[in-house]
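Take a look at the structure set out below.
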2 protein chains.
Amino acid sequence: MNINQLASTRSKTAAGKDSPKVKGLNRPGEVSESIKEWIAEQRKAPGDRLPQEPDLIKTFGVSKGTIREALKILETQGLVQTRTGPGGGAFITEMPAGRARALLATHFFFKDLSIGDIYELRMSLEPELAAELATRLGEPEIAVLKQTMVVYDHPPATIDEEQRQRIAELEFHERLAEFSTNKLLGFVCSFLVSLLKDLAVCRKIYSRPNPELRERGLSYQAQLIEAFQSNDAGAAASIMKAHMASAKRLMEAQEAIVTKGFLSWENHSR
Amino acid sequence: MNINQLASTRSKTAAGKDSPKVKGLNRPGEVSESIKEWIAEQRKAPGDRLPQEPDLIKTFGVSKGTIREALKILETQGLVQTRTGPGGGAFITEMPAGRARALLATHFFFKDLSIGDIYELRMSLEPELAAELATRLGEPEIAVLKQTMVVYDHPPATIDEEQRQRIAELEFHERLAEFSTNKLLGFVCSFLVSLLKDLAVCRKIYSRPNPELRERGLSYQAQLIEAFQSNDAGAAASIMKAHMASAKRLMEAQEAIVTKGFLSWENHSR
DNA sequence: GACGTTTTAGGATGTAGCCTCTCATACCGT
DNA sequence: ACGGTATGAGAGGCTACATCCTAAAACGTC
């Protein structure tokens with residue numbers, strides 16, 4: 001509970017100009033970093049409360065406004081939430097994966113990612129994921145996967161259903177990512193899927209009929225389920241690798257067609 | 001340019017209680033959302049400047065502190081940067097990779113990532129990266145890599161140099177990631193490296209002598225340079241794979257030693 | 001080219017207000 | 001008379017505003 005060691009990163013009493021730990025960071029930034037360190041050191045868990053504003057003001061030797069801006073940083077980063085009232089204050093929260101994906105997506109907003117870029121990673125990671133899951137997945141998880149597949153186990157009747165089927169195919173992989181015990185691997189895989197769901201080019205592709213993509217995807221995923229049921233990690237990995245290679249080829253072909261005309265990346269409104 | 005329409009989201013002069021556009025969002029949050037909308041509507045590009053603080057205060061009818069918190073939100077999201085001085089203010093900016101990495105790192109703050117989790121991804125991705133670079137890297141890039149290696153081409157004299165060498169070894173891979181044409185692959189690889197640089201467990205590991213890690217790493221990286229110079233993508237990939245497997249084994253061994261003393265702290269549940 | 005001036009954000013301080021929780025008290029049904 | 005529910009006052013704590021001073025960056029001047 002000794003928060004005072006926190007303020008060690010910046011001693012106000014020192015006569016000369018003390019050097020901030022990280023250059024290019026202003027006061028609120030320093031404070032927010034210090035608070036993060038403190039959370040780690042104190043092994044604070046989500047739900048725990050930070051010291052109250054007056055205490056933080058005293059321990060850091062900064063003004064109320066600075067503390068508020070520091071907390072605003074942490075709040076924006078999804079690390080804390082503040083509440084008013086008695087017993088109120090800043091509470092540690094876990095950043096939801098969806099928010100992290102959204103923040104990350106804004107970073108790639110101007111980066112002009114191609115289908116190939118995305119599938120290069122998927123070809124490396126999804127087989128790894130499949131191999132890990134093959135030895136662990138039980139019937140309940142497999143049932144969830146099968147339930148997702150019923151959305152596209154038949155040819156689409158309308159272009160609208162076509163799109164829904166594409167999204168469902170991607171959600172199959174989202175489920176896999178959620179099942180992973182390696183949170184890092186799971187997050188990256190689900191992020192790649194979310195890119196494929198949201199990118200303008202991809203949405204354009206999904207709005208055109210593409211029977212081969214569905215048939216091949218369904219076939220691969222069915223084989224994958226079998227590999228899971230027989231706990232065959234090697235088979236799962238190689239099936240997934242073939243699945244990704246096939247999808248990459250088909251998607252890139254569609255990408256070429258779609259971008260040939262006029263629109264591609266220009267209308268990323270937000 | 002007419003920013004006044006912005007303030008329409010909240011008219012202070014109205015007698016009754018006006019409803020904020022999004023419930024659960026306090027004043028700075030509303031203001032930051034409004035500014036984002038304004039940026040989108042005005043089709044502002046990176047480099048453009050937002051109105052100055054006094055103007056924002058007037059148009060939104062809020063106080064200076066509120067505006068500052070709103071700008072802090074946008075700054076944390078990587079959308080703007082502020083500068084002082086004449087012609088200063090908040091400038092729209094592209095989210096730098098470093099900030100994206102930092103935001104992502106906070107998502108994994110409570111996820112208790114292990115060395116193994118990180119290296120599982122590195123074993124998949126770094127060979128991919130090496131293979132891509134092998135056919136593209138020229139002498140100038142290779143010179144940069146060699147320059148990084150001189151930091152650790154000799155046994156460390158002090159424990160402090162030991163740490164600097166570990167960081168430099170990681171920065172070798174950071175350079176590789178920067179050279180990639182696949183921004184996605186490059187980002188993920190550099191993010192994994194940044195985790196290894198910042199994680200508490202890793203820092204503990206680096207503060208202990210570990211000659212084998214340095215020697216093997218140096219050897220692998222030298223072979224890698226040769227593969228780059230002969231444009232041998234296959235060799236580069238397999239060398240990198242062996243490099244990662246070796247590093248994973250050594251790091252996990254150290255992890256076991258370092259964390260042994262802290263097992264009693266495991267009861268930090270909520 | 002060094003130096004002072006100006007412009008603008010950065011930070012500190014004090015005060016009023018609002019939200020939420022708690023607890024005591026009154027009300028009501030049985 | 002008793003127990004449960006509702007209502008209100010109070011206090012804790014963040015939220016926001018107004019004002020002042022400080023620091024930094026650009027720009028003109030000597």
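Throughout, a chain's letter reflects where its sequence line sits, starting with A, and its residues are numbered from 1. Quick caveat, the model's predicted, so the values are computed rather than measured.
In this structure, CG of A:Leu56 is placed 13 Å from P of D:dG13, rounded to the nearest angstrom. In this entry the distance linking CD1 of A:Ile73 with P of C:dG10 reads 11 Å, nearest Å. Rounded to a whole Å, the CD1 atom of A:Ile57 is 12 Å from the C1' atom of D:dG13. Rounded to whole Å, the distance from CD1 on A:Ile67 to P on D:dA16 is 17 Å. The CG-P distance, from B:Asn26 to D:dC14, rounds to 14 Å in whole Å. For A:Arg49 and C:dT20, the CZ to C1' distance is 14 Å, given to the nearest whole Å. The CD atom of A:Glu69 sits 8 Å away from the C1' atom of C:dG10 (whole-angstrom rounding). Spacing between atom CG of B:Asp55 and atom C1' of C:dT7 amounts to 13 Å, rounded to whole angstrom units.
At the heavy-atom level, A:Gln52 lies under 4.0 Å from the strands shown only through sugar-phosphate atoms. Contact annotation for B:Gly65: no contact, since no heavy-atom pair falls under 4.0 Å across all strands.
Outside the 6.0 Å centre-distance limit, the rings of B:Phe172 and B:Tyr152 are not counted as a close aromatic pair.
For A:Arg68, a side-chain nitrogen or oxygen approaches OP1 or OP2 of D:dA16 to under 4.0 Å. Not one side-chain nitrogen or oxygen of A:Arg83 sits closer than 4.0 Å to the OP1 or OP2 atom of D:dG12. Not one side-chain nitrogen or oxygen of B:Thr82 sits closer than 4.0 Å to the OP1 or OP2 atom of C:dT8.
Between the side chain of B:Lys64 and the base of C:dG10, at least one donor-acceptor pair of N or O atoms lies under 3.5 Å.
Checking A:Gln77 against A:Lys36 by side-chain atom types alone, a donor-acceptor pair falls below 3.5 Å.
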| task | Check the pair B:Glu174 / B:Lys197 against salt bridge (Lys or Arg N to Asp or Glu O under 4.0 Å), numbers first and verdict last. | result | CA-CA 11 Å; B:Glu174 219 161 37; B:Lys197 281 166 78 172; 3.4 Å; yes
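Note on ring orientation: taking the six-membered ring where Trp is involved, the planes of A:Phe108 and B:Phe187 are perpendicular (angle over 60°, cut-offs 30° and 60°).
Ranking C:dA9, D:dC14, D:dC17 by closeness to the A:Thr84 side chain, first place goes to D:dC14. The side chain of A:Ser63 lies closest to C:dT13, out of C:dA9, C:dT13, C:dT6. Picking from D:dA11, D:dC17, C:dT7 the nucleotide with the shortest atom distance to the side chain of A:Pro86 gives D:dA11.
With a 6.0 Å radius and a threshold of 12 heavy atoms from other residues, nucleotides or ligands, A:Glu178 has its CD atom above the threshold.
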